[in-house]
Q: 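Sharing a structure here in structure tokens format.
The structure presented is a predicted model; accordingly, all values stated were derived computationally and were not measured. First the proteins, then the strands, lettered A, B, ... as listed; each starts at 1.
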2 protein chains.
Amino acid sequence: MPTVSIPRKEQIETAATDLFKSRGYAATSMRHIASKVGIEAASIYSHLKSKEHILIKICFKMAKEFIEGIKLVQKTNVTSEAKFKAAVISHVNIITGDIAASAVFWNEWRHLSEPLLSEFVAMQREYEQAFKLIIEQGVNEGVFEVRDISFTVMAMLSSLNGIQKWHNYTLPPEELNEAFATFFAQGIRKQVEE
Amino acid sequence: MPTVSIPRKEQIETAATDLFKSRGYAATSMRHIASKVGIEAASIYSHLKSKEHILIKICFKMAKEFIEGIKLVQKTNVTSEAKFKAAVISHVNIITGDIAASAVFWNEWRHLSEPLLSEFVAMQREYEQAFKLIIEQGVNEGVFEVRDISFTVMAMLSSLNGIQKWHNYTLPPEELNEAFATFFAQGIRKQVEE
DNA sequence: CCTACCGATCGGTAGG
DNA sequence: CCTACCGATCGGTAGG
């Protein structure tokens, strides 16, 4: 039974992603990546154009996944609370689906150079905006109540994107979903009396 | 009226903190720091031992502030909800008090080397533990209800420590306090009926 | 995919 | 606080 070997290009990208997460992009050298794969640094350039191109691929792959996820949620025809929870769950699933890439996406994007840097930031804003709209809908329907929508979105996204730093995964991914969705939904639910 | 000049050592530390925040520790060179202060790189060593010593000072200064803050809260004799809110407010105040140092504290500590690295991590754990105890108290008194205390603490701290990345400070610091305290307290408050 | 190598830059020291 | 400099390491290329 011959095992299907992983393409070298993918091996390099995976090794780089792990190293970018643990050491940071700037502190990771092409020699570190090559050594992890078992080849020489110069050989990487047979498969990939540059160190930054690896970073670009990781960052934009994740950004696209997040945006795609929330667009799917927007199209569904459910209550605003269900939509909100679905958006949170989508986000958690993408992160737990690739923790290393999520860490690079969140911590290393500043090392992108123009014009891709601006393009990346624009995608982040687009994503935040989509989240805002979902919350706004709930506010208009009287099920949510927030002090400031921008605050709420930033607080939530910081929390979710912080998962990649947790030393302590007490909950399995499926439960993490629900825990976040409930925690946040309750945090913005309109209080009947206080 | 002679202006009191800021000591060169402090100037260097401030410049370094800002650069560590914006470029990251690894991507910041002693020449960058020196240039920002207006001296030569070699001159920094008349004031400071090494690049890592600057990082050490920033990280431990912040860690101590956080621990000191929550210890003060623990000593107060108020309801568990008030104590919880005070702990959140203490955290927000420390961050907004020095955003750049907070960013370095949260994003760059992995560049510390042993044995200080382990010491730093132990301080983070101590802080998390203090937060857990406050929540536990509220759970035992029947005012809070959480799925998992570790989850709650990690989710909250990720959110709070994420403030330094916000591009969007919609709320002034005093309101940020209250917004966080209310958002989280509501997120863990025991629900009468659902 | 390798060997051999490039110019640039790094943290830090010597000596004043 | 500066000039001059050290060995190490960097991202990347030439040529096979």
Side-chain angles (χ1 to χ4, degrees), chain A residues 3-60 104 107-117, chain B residues 3-60 104 107-117:
Chain A
T3 41
V4 179
S5 65
I6 299 160
R8 183 98 316 164
K9 189 177 174 183
E10 259 178 63
Q11 286 181 39
I12 295 167
E13 285 167 349
T14 305
T17 306
D18 288 346
L19 287 166
F20 289 172
K21 171 177 164 33
S22 58
R23 306 179 53 108
Y25 175 76
T28 300
S29 71
M30 295 306 258
R31 284 155 181 86
H32 288 134
I33 300 168
S35 153
K36 192 160 185 178
V37 174
I39 58 178
E40 292 300 318
S43 307
I44 293 179
Y45 295 90
S46 314
H47 303 278
L48 292 155
K49 226 184 275 187
S50 71
K51 189 182 160 188
E52 195 182 342
H53 269 79
I54 308 176
L55 180 67
I56 292 167
K57 190 162 178 185
I58 300 165
C59 288
F60 280 87
V104 176
N107 301 317
E108 309 299 331
W109 61 266
R110 61 178 161 189
H111 294 108
L112 293 169
S113 50
E114 295 292 1
L116 287 175
L117 178 61
Chain B
T3 41
V4 179
S5 64
I6 298 160
R8 183 105 302 168
K9 189 176 174 182
E10 260 178 62
Q11 287 181 39
I12 296 167
E13 285 167 349
T14 305
T17 306
D18 288 346
L19 287 165
F20 290 172
K21 170 177 164 36
S22 57
R23 305 179 55 107
Y25 176 77
T28 300
S29 71
M30 294 307 258
R31 285 156 181 85
H32 288 134
I33 300 167
S35 153
K36 192 161 185 179
V37 174
I39 57 177
E40 293 299 319
S43 306
I44 293 178
Y45 294 89
S46 312
H47 303 279
L48 293 155
K49 226 184 272 185
S50 70
K51 189 181 161 189
E52 195 183 342
H53 269 79
I54 308 176
L55 180 66
I56 292 167
K57 190 163 176 183
I58 300 165
C59 288
F60 281 87
V104 176
N107 302 316
E108 309 299 331
W109 61 265
R110 61 178 159 191
H111 295 106
L112 293 170
S113 52
E114 296 291 2
L116 286 176
L117 178 61

Q: Which heavy atom of B:Ala41 sits nearest a heavy atom of B:Arg31, and at what distance?
A: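 Looking at all heavy atoms of both residues, the shortest contact is CB-CG, 3.6 Å.
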Q: For a quick test of reading the model, state the closest non-hydrogen atom pair linking A:Val104 to A:Cys59 and the distance between them.
A: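 Smallest heavy-atom distance, with atoms named: O-SG, 4.3 Å.
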Q: Among the nucleotides D:dC1, C:dC1, C:dT3, which one has an atom lying closest to any side-chain atom of A:Ser46?
A: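 The nucleotide sitting nearest to the side chain is C:dC1.
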Q: Report the distance from atom NE2 of A:His111 to atom P of D:dG11, rounded to the nearest whole Å.
A: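 Taking atom P of D:dG11 as the reference, NE2 of A:His111 is at 12 Å.
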Q: Does any N or O in the side chain of B:Ser43 come within less than 3.5 Å of the main-chain N or O of B:Ile39, such that one atom is a donor and the other an acceptor?
A: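 Judged by distance alone, no pair lies under 3.5 Å.
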Q: Can you name the nearest heavy-atom pair linking B:Phe20 to B:Glu108, along with the distance?
A: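 The pair with the smallest heavy-atom distance is O-OE2, 3.7 Å.
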Q: For the CD atom of A:Glu13 and the CD1 atom of A:Ile6, what is their distance to the nearest 0.5 Å?
A: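 Here the interatomic distance stands at 12.0 Å.
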Q: Would you kindly give the CG-to-C1' distance between B:Leu55 and C:dG12, to the nearest whole Å?
A: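 For the pair B:Leu55 CG and C:dG12 C1', the rounded distance is 17 Å.
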Q: Tell me the stems DNA chain C sits in, counting at least three consecutive Watson-Crick or G-U wobble pairs, each under 3.5 Å on both distances.
A: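 The stems that DNA chain C takes part in, listed by first number, are C:1-16 with D:1-16.
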Q: Could you tell me if A:His53 and A:Ser50 have a donor-acceptor pair between their side chains, going purely by distance under 3.5 Å?
A: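 Note: A:Ser50 and A:His53 side chains meet the donor-acceptor criterion.
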Q: Atom pairs, N/O to N/O, protein against nucleotides 6-10 of chain D, distance under 3.5 Å?
A:
{"residue": "D:dC10", "atom": "OP1", "partner": "A:Ser29", "partner atom": "OG", "Å": "3.2"}

Q: Roughly, in whole Å, what's the span from CD1 in B:Ile44 to P in D:dC2?
A: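 Spelled out: CD1 on B:Ile44 to P on D:dC2 is 10 Å.
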Q: Report which part of the nucleic acid B:His47 touches: base, sugar-phosphate, or nothing (heavy-atom distance under 4.0 Å, all strands).
A: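 Sugar-phosphate: the residue B:His47, judged by heavy atoms under 4.0 Å, touches backbone atoms but no base.
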Q: Roughly how many Å is it from CD1 in A:Ile39 to C1' in C:dT3, rounded to a whole number?
A: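 Spelled out: CD1 on A:Ile39 to C1' on C:dT3 is 14 Å.
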Q: Measure the NE2-CD distance between A:His111 and A:Glu52 for me, rounded to the nearest 0.5 Å.
A: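 A:His111 NE2 to A:Glu52 CD: 10.0 Å, rounded to 0.5 Å.
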Q: State which of C:dG11, C:dT3, D:dT13 makes the closest approach to the side chain of B:Tyr45.
A: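 The answer is C:dG11.
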Q: To the nearest Å, how far apart are A:Glu40 CD and C:dC5 P?
A: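 Atom CD in A:Glu40 sits about 15 Å away from atom P in C:dC5.
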Q: State, to 0.1 Å, how close B:Phe60 and B:Leu116 come at their nearest heavy-atom pair, and which atoms those are.
A: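 For B:Phe60 and B:Leu116, the tightest heavy-atom pair comes out as CZ-O, 3.5 Å.
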Q: When you get a sec, tell me which of C:dG12, D:dG12, C:dC1 is the closest nucleotide to the side chain of B:Ser50?
A: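 Of C:dG12, D:dG12, C:dC1, C:dG12 is nearest to the side chain of B:Ser50.
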Q: Nearest whole Å is fine: how far is C:dC1 C1' from A:Gln11 CD?
A: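 That distance rounds to 13 Å.
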Q: Please tell me if B:Ser43 has a side-chain N or O lying less than 4.0 Å from either OP1 or OP2 of D:dC2.
A: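 Yes.
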Q: Taking atom types as modelled, find out whether B:His32 and B:Ser35 have a side-chain donor-acceptor pair closer than 3.5 angstrom.
A: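 No donor-acceptor contact under 3.5 Å links the two side chains.
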Q: Taking the minimum atom-to-atom distance to the side chain of B:Ala42, which one of D:dC2, D:dT13, C:dT13 wins?
A: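 Per side-chain heavy atoms of B:Ala42, the pick is C:dT13.
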